[in-house]
Enquirer: 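Pasting a structure below so you can have a look.
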Amino acid sequence: MSVYYMNGAFRPLEEVSLPLTDLVIQRGVGVFESVKIIGRKVLAITAHMKRLEESALGAGIKIGGTGVIDEITRALREGSLRDDCPGGGECAVAKAYITGGDAIDRGFFTAPRFFVIFSQMDPIFPEGCENGVALQPTAERRPYPLVKSINYLFGLMQTAGLDDMLECLYCPDGYATETLRSSFFVVLGGRLVTAPEGTVLKGVTRDIVIELAKADGIAVEERRPEVSEFALAEEAFITNSLYGVIPVIRIGGTAIGNGKPGPVSARLLELYDANIEKWLDR
Ligand SMILES: *Cc1c(COP(=O)(O)O)cnc(C)c1O
């Protein structure tokens, strides 16, 4: 059972709706954040709310002042403390959306709507993804990388019919950037290599993993890995707020390393799990 926050209150599904005139329905105009709730606390709430604001700004959705972001922040905290929070608030996901609303004024969306959905963790990832997942490379690029858009259509189309591929990996011009919904890393010569901010979304988990890696003496190089380097990489992994660090064992037809999750991914996942408390409600 999910819980919804809309128009100033927490409500059941029967009491929430969007009009068909909202541009999120008609034109796919909308931005969002997926955040994890652990032990009734929201993981990295400040970073997520800052990115939501930047996504809205980047998309031309006029939220005006801090009111909307403040209300969503409050709703996330209150929702995670409620008795009816899914998963008892111990482990849940909250998705906060800002839609394009009903009005366009010279390319700006001036009457946005917003809402938050609290649910059980989605089974986005198959059971056993700790054994490693496969990615489907595509030469497509994700436009406007700093905007976390609701529109996943063109990314999802890349893996249509491919049961074994978890997500597409965007590789425009022969360089790997990020996947459909995760940041992407390779391990080359013991160093992490990941695309620099600006060429990809500012991943909250990406930043946490980079901080943990550096503190553990693992060097981090911020450049886009070349597709030709996949065959040389010892390891690869993806990161996102819901699942932390997920090993990648194959990209298209290329096995990564020995085709099994490697020690650097395992070490980073261990560090992530051991330290995640530091980022709760922060
Ligand atoms: C959500 C998302 C990520 C992961 O970001 P986190 O803040 O770590 O959850 C990375 N890339 C894209 C394209 C995304 O949509």
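Every number for a ligand or one of its atoms is a count from 1 in the order of the listing.
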Enquirer: Answer with yes or no whether the side chains of Thr110 and Asp105 bring together a donor and an acceptor at under 3.5 Å.
Expert: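 Checked: Asp105/Thr110 side chains show no N/O donor-acceptor pair below 3.5 Å.
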Enquirer: Check ligand 1 for N or O atoms under 3.5 Å from a protein N or O and list each pair with its distance.
Expert:
{"from": "ligand 1", "atom 1": "7 (O)", "to": "Arg51", "atom 2": "NH1", "distance (Å)": "2.8"}
{"from": "ligand 1", "atom 1": "7 (O)", "to": "Arg51", "atom 2": "NH2", "distance (Å)": "3.0"}
{"from": "ligand 1", "atom 1": "7 (O)", "to": "Val204", "atom 2": "N", "distance (Å)": "2.8"}
{"from": "ligand 1", "atom 1": "8 (O)", "to": "Val204", "atom 2": "N", "distance (Å)": "3.4"}
{"from": "ligand 1", "atom 1": "8 (O)", "to": "Thr205", "atom 2": "N", "distance (Å)": "2.9"}
{"from": "ligand 1", "atom 1": "8 (O)", "to": "Thr205", "atom 2": "OG1", "distance (Å)": "2.7"}
{"from": "ligand 1", "atom 1": "9 (O)", "to": "Ser241", "atom 2": "N", "distance (Å)": "2.9"}
{"from": "ligand 1", "atom 1": "9 (O)", "to": "Ser241", "atom 2": "OG", "distance (Å)": "2.7"}
{"from": "ligand 1", "atom 1": "11 (N)", "to": "Glu178", "atom 2": "OE1", "distance (Å)": "3.0"}
{"from": "ligand 1", "atom 1": "15 (O)", "to": "Lys148", "atom 2": "NZ", "distance (Å)": "2.8"}
{"from": "ligand 1", "atom 1": "15 (O)", "to": "Tyr152", "atom 2": "OH", "distance (Å)": "3.2"}

Enquirer: Go through the structure and list residues passing salt bridge (Lys or Arg N to Asp or Glu O under 4.0 Å) with Asp70, not counting sequence neighbours.
Expert: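 By the salt bridge (Lys or Arg N to Asp or Glu O under 4.0 Å) rule, Asp70 matches no residue at all.
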Enquirer: Partners of Arg82 by side-chain hydrogen bond (donor to acceptor under 3.5 Å, both in side chains), sequence neighbours excluded?
Expert: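 Arg82 satisfies side-chain hydrogen bond (donor to acceptor under 3.5 Å, both in side chains) with Asp84 only.
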Enquirer: Run the salt-bridge test on Glu270 and Arg267 with the 4.0 Å N-O cut-off and return the result as yes or no.
Expert: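 Yes, this pair counts.
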Enquirer: I need the full list of ring-ring contact (aromatic ring centres under 6.0 Å, His included) pairs touching residues 37-75, with sequence neighbours left out, sorted by first then second residue.
Expert: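 Not a single pair qualifies under ring-ring contact (aromatic ring centres under 6.0 Å, His included).
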Enquirer: Would you call Cys171 and Phe230 a side-chain contact if the rule is heavy atoms closer than 4.5 Å?
Expert: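 When only atoms from C-beta onward are counted, Phe230 and Cys171 do touch, with a gap below 4.5 Å.
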